Amino acid sequence: MQAFRAALAFLAIMLGTTPLQAEGRLNVVASFSILADFVRHVGGDRVNVTSLVGANGDVHVYTPAPQDAKTIADAQLVVINGLGLEGWLPRLLQSSGSKAVVVTASKGVDPLKLGSEADPHAWQSVANAEIYVQNIRDALVLADAADADYFRQATERYLAELDALDREVRSRVDQIPAERRKVISTHGAFGYFAKAYGIAFVAPLGVSTETEPSARDVAGIIAQVRKDKIPAVFLENISDDRLVRGIAEEGGAKLGGTLFSDSLTDEKGSAPTYIAMVRHNIKALTSALGP
Ligand code: ZN
């Protein structure tokens, strides 16, 4: 099948036709939008990418739709985050009868632990995103050797953009007075960001959005906002905002706007790509925390 596809792609190039090329594309399914964006940057027009969890969706608590089984059954590659993020995926894979290769994009990152749980949000450090992108490149090269050079070159270009993004985040954090580098977010999605860039995050929800915080947890966070003079509280695009609005009001902190944690927006939103997401987040943080 692989050889057949490669032959088709070759034939398409020789004939200079597009319909055959479209058929020769790899079908790649990503579990959520951030991974889909990485695949798009590496795979370009050689891949069809579908994200199971859509824009502004919550990957922690996703309920697969009937169509998802078919989408996965037609895929050659399924790209997942791993680190326990997609608890709903193994069952979906099994029920779809898919023969797809499953690629764990976070393979090789240094995982953070919260108690016994791994923190899955490794993409929030740009250096980790670069590991994801290289894992995706390696998987695409294996699946479609005919386009290996294309994938490698696209990856080099994208990694250069990510390097620049990492430097941009660091220089913006440098502008925030050290004693103001602390915020409240909704769920514990920014542990890797905090570790990489030196802004402390406190969140009423843990590393998953599955469990509600207790009244005592919330009271503890409000007390901390007051005691530590935490300047700003941030909403997230994937979660209900009533809880953090209440914490901001009770703790006397300002609302810093919305952070994008686990999901991109659609094209019209302010974070349709990973790079736009990180840029949006660092701008929101610096304008709330800056001098
Ligand atoms: Zn999350």
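All of these numbers come straight from a predicted model, not from anything done at the bench. Computed over heavy atoms, backbone and side chain alike; hydrogens, waters and symmetry mates excluded. Ligands are counted one by one from 1 in listed order, and the atoms in each one are counted from 1 as well.
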> With no hydrogens and no angle check, do the side chains of D68 and T71 hold a donor and an acceptor under 3.5 Å apart?
Replying inline: no

> If you measure from the Lys or Arg side-chain nitrogens to the Asp or Glu carboxylate oxygens, is any gap between R167 and D163 under 4.0 Å?
Replying inline: no

> With a 4.5 Å limit on heavy-atom distance, are the side chains of L85 and V59 in contact?
Replying inline: yes

> When you check the space around the Zn ion (ligand 1), which protein N, O or S atoms turn up under 2.8 Å?
Replying inline: H60 NE2, H121 NE2, H187 NE2, D262 OD2

> Who passes side chain to side chain contact (heavy atoms under 4.5 Å, CB included) against P177, sequence neighbours left out?
Replying inline: E179, R180, P291

> Do the rings of H187 and H60 sit parallel, tilted or perpendicular, given the 30° and 60° boundaries?
Replying inline: perpendicular

> Taking atom OG of S125 and atom NZ of K195, what is their separation to the nearest 0.5 Å?
Replying inline: 9.0 Å

